[in-house]
2 protein chains.
Amino acid sequence: MGSAERKEREKAELKELILTASKKILLSEGQEGLSIRKIAKAIEYSPATIYLYYTDKDAILHELMEIGFEMMNKYISGAFTEADPIKRIHETGHAYVKFGLENKDWYHLMFNSDKPMKHIEKCKEDWDQGMSMFQFLVDSCSEALNMMGGSKLDPKILALQLWSCVHGLVNLAQTERLEIVETDQTHELISKTLESMLISVFHR
Amino acid sequence: MGSAERKEREKAELKELILTASKKILLSEGQEGLSIRKIAKAIEYSPATIYLYYTDKDAILHELMEIGFEMMNKYISGAFTEADPIKRIHETGHAYVKFGLENKDWYHLMFNSDKPMKHIEKCKEDWDQGMSMFQFLVDSCSEALNMMGGSKLDPKILALQLWSCVHGLVNLAQTERLEIVETDQTHELISKTLESMLISVFHR
DNA sequence: TGTTTTACTAAACAGTGTTTAGTAAATTTG
DNA sequence: CAAATTTACTAAACACTGTTTAGTAAAACA
């Protein structure tokens, strides 16, 4: 009778084992190196077994994406407590970029790949971590606009403007496009551009 | 004697044939659907033959990238003649985004993929079309800053700020991330954000 | 003990990029 | 013109990829 619960626990354990193995491979070999067969070898099961625990490779990537959002939260959470909305946006932006540069493969999973997105018909429900992060930015923008007074700017559009900029910067850096702007100056370029962006929006 | 030239011409013709076939497949089936075997079938040669004309698949992708830049030029060239630098930047931005949205696979090849980049050790020499496009933006920014007078902003940084924003927007749109900001409003969001960006930088 | 369910896997399918060895035809040479 | 050589090409294989199917042991239940 009680064995049913044990079974379920074991099943959850193997599912977790698959995930931690995937995580390890993603870290050591990147998204390109993450294959079902490699995961299978790492956990010492056959490739087919993985399909008894995850419907797809995409399903695994989707779980990794969620882990990625938790990782990102650790970078950004420091900004949550900042009272001044503009300073808060500053901190968030820098943390966002830092995360993107230090966790290329995770960033890709979260913001570039449409693979784990294909896994999302429900879209909004399943990208809720990303959505609430964006909402946090919208709220901060709203606060900042109120503070600056009398602005007819849409906080949503402003948030999207900021997001696009940092997203673009991270992508350009990751694909080495910033090298053509100025060689070996990626970090410098990013912080300067981010600063320029925030000044042109908030005038300080 | 003269047959040597004919031979060379035929060799160039087949090389061109491979490229046009690749182009067709990229258009109809996207980057995912573009495989060596499919190209071979399209031109009615064996897969191995392709490697007598291109060292790599990456080499083909690189050629397609260059075609992409020529396509993009047609979108942007309209802005070249605009005398007012700010208006010119406006037009360029809109054309850039339009190209990105209408030519997803090409855009990806040009600005996201590091595959044809791997093919570039010389980097700067081989991405020269992209580089001169960026230089055009830098020059326009420089002009605009001079016109506005007494700005201590770096035109290079300003250009990068604008590029990041449009690049980010195109990517977010292509990966359906804008759907989470507002459903079925992608185009509207983009033009509003682009406009907001330009206003916050040039105050009009 | 016998039956049923569960957990797992070997092997295959349909792809991918790429390399190697071998062949048939065109060209050059004696 | 015939023989030797070069050129142009390909079949087949290698090492991968994600995924499915059919079949097998072992565990659980009756």
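Each chain gets a letter, A, B and so on, in the order its sequence line appears, and its residues count up from 1. Note that the structure is predicted; figures quoted are calculated from it, not measured.
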*Set of ring-ring contact (aromatic ring centres under 6.0 Å, His included) partners for A:Tyr54, sequence neighbours left out*: none
*Rounded to the nearest Å, what distance is computed from the CG atom of residue A:Leu17 to the C1' atom of nucleotide C:dC8?*
15 Å
*Tell me: CD1 of B:Ile43 to P of D:dT10, nearest whole Å?*
8 Å
*Starting at atom CD1 of A:Ile60, determine the distance to atom P of D:dG18, rounded to an integer number of angstrom.*
9 Å
*Whole Å only: how far is the CD1 atom of A:Ile50 from the C1' atom of D:dG18?*
11 Å
*Give the rounded distance in Å between these two atoms: CD of A:Glu13 and P of C:dA7.*
13 Å
*Please name the residue in the list B:Glu91, B:His90, B:Arg88 that meets the side-chain hydrogen bond (donor to acceptor under 3.5 Å, both in side chains) test with B:Ser140.*
B:Arg88
*Measure the shortest side-chain to side-chain distance between A:Val181 and A:Thr186 over non-hydrogen atoms and say whether it is less than 4.5 angstrom.*
no
*Does B:Tyr45 place a side-chain N or O at less than 4.0 Å from the phosphate oxygens OP1/OP2 of D:dC9?*
yes
*Should the pair A:Lys98-A:Glu102 be classified as a salt bridge under the 4.0 Å nitrogen-to-oxygen rule?*
yes
*Does B:Tyr51 place a side-chain N or O at less than 4.0 Å from the phosphate oxygens OP1/OP2 of C:dT20?*
no
_Rounded at 0.5 Å granularity, tell me how far OG in B:Ser164 sits from CD1 in B:Ile157._
9.5 Å
_Length of the OH-P vector between A:Tyr53 and C:dA7, whole Å_ = 6 Å
*Please work out if A:Tyr54 contacts a base, only the sugar-phosphate, or nothing of the nucleic acid, heavy-atom cut-off 4.0 Å.*
nothing
*For D:dC9, does either OP1 or OP2 sit under 4.0 Å from a side-chain N or O belonging to B:Thr49?*
no
*Only counting residues at least two apart or in another chain, list the ones meeting ring-ring contact (aromatic ring centres under 6.0 Å, His included) with B:Phe134.*
B:Trp163
*Between atom NZ in B:Lys11 and atom P in D:dT7, what is the gap in whole Å?*
9 Å
*Using only heavy-atom distances, determine whether the side chains of A:Asp58 and A:His62 contain a donor-acceptor pair under 3.5 Å.*
no
*Compute the bend angle of the helix from C:dT1-D:dA30 to C:dG30-D:dC1 from the end axes (five pairs per end), rounded to 10°.*
30°
*What does nucleotides 12-17 of chain D look like as a protein-contact string, B for base, S for sugar-phosphate only, - for none, at under 4.0 angstrom between heavy atoms?*
-B---B
*Minimum side-chain heavy-atom gap A:Ile39-A:Tyr45 below 4.5 Å*: no
*Go through the side-chain N and O atoms of B:Asn171 and B:Asn112 and say whether any donor and acceptor fall under 3.5 Å apart.*
yes
_Taking ring-ring contact (aromatic ring centres under 6.0 Å, His included) as the criterion, tell me which of A:Tyr75, A:Tyr107, A:Phe136 meets it with A:Tyr96._
A:Tyr107
*Gap between atoms CD and P, on A:Glu44 and C:dC8 respectively (whole Å)*: 13 Å
*Can you list every pair that meets salt bridge (charged side-chain N to carboxylate O under 4.0 Å, His left out) and has a residue in residues 159-170 of chain B, with sequence neighbours left out?*
none
What does the list of N/O pairs under 3.5 Å between the protein and nucleotides 23-27 of chain D look like, with a distance for each?
none

*With distance as the sole criterion, is a donor-acceptor pair present between the side chains of A:Gln161 and B:Thr193 under 3.5 Å?*
no
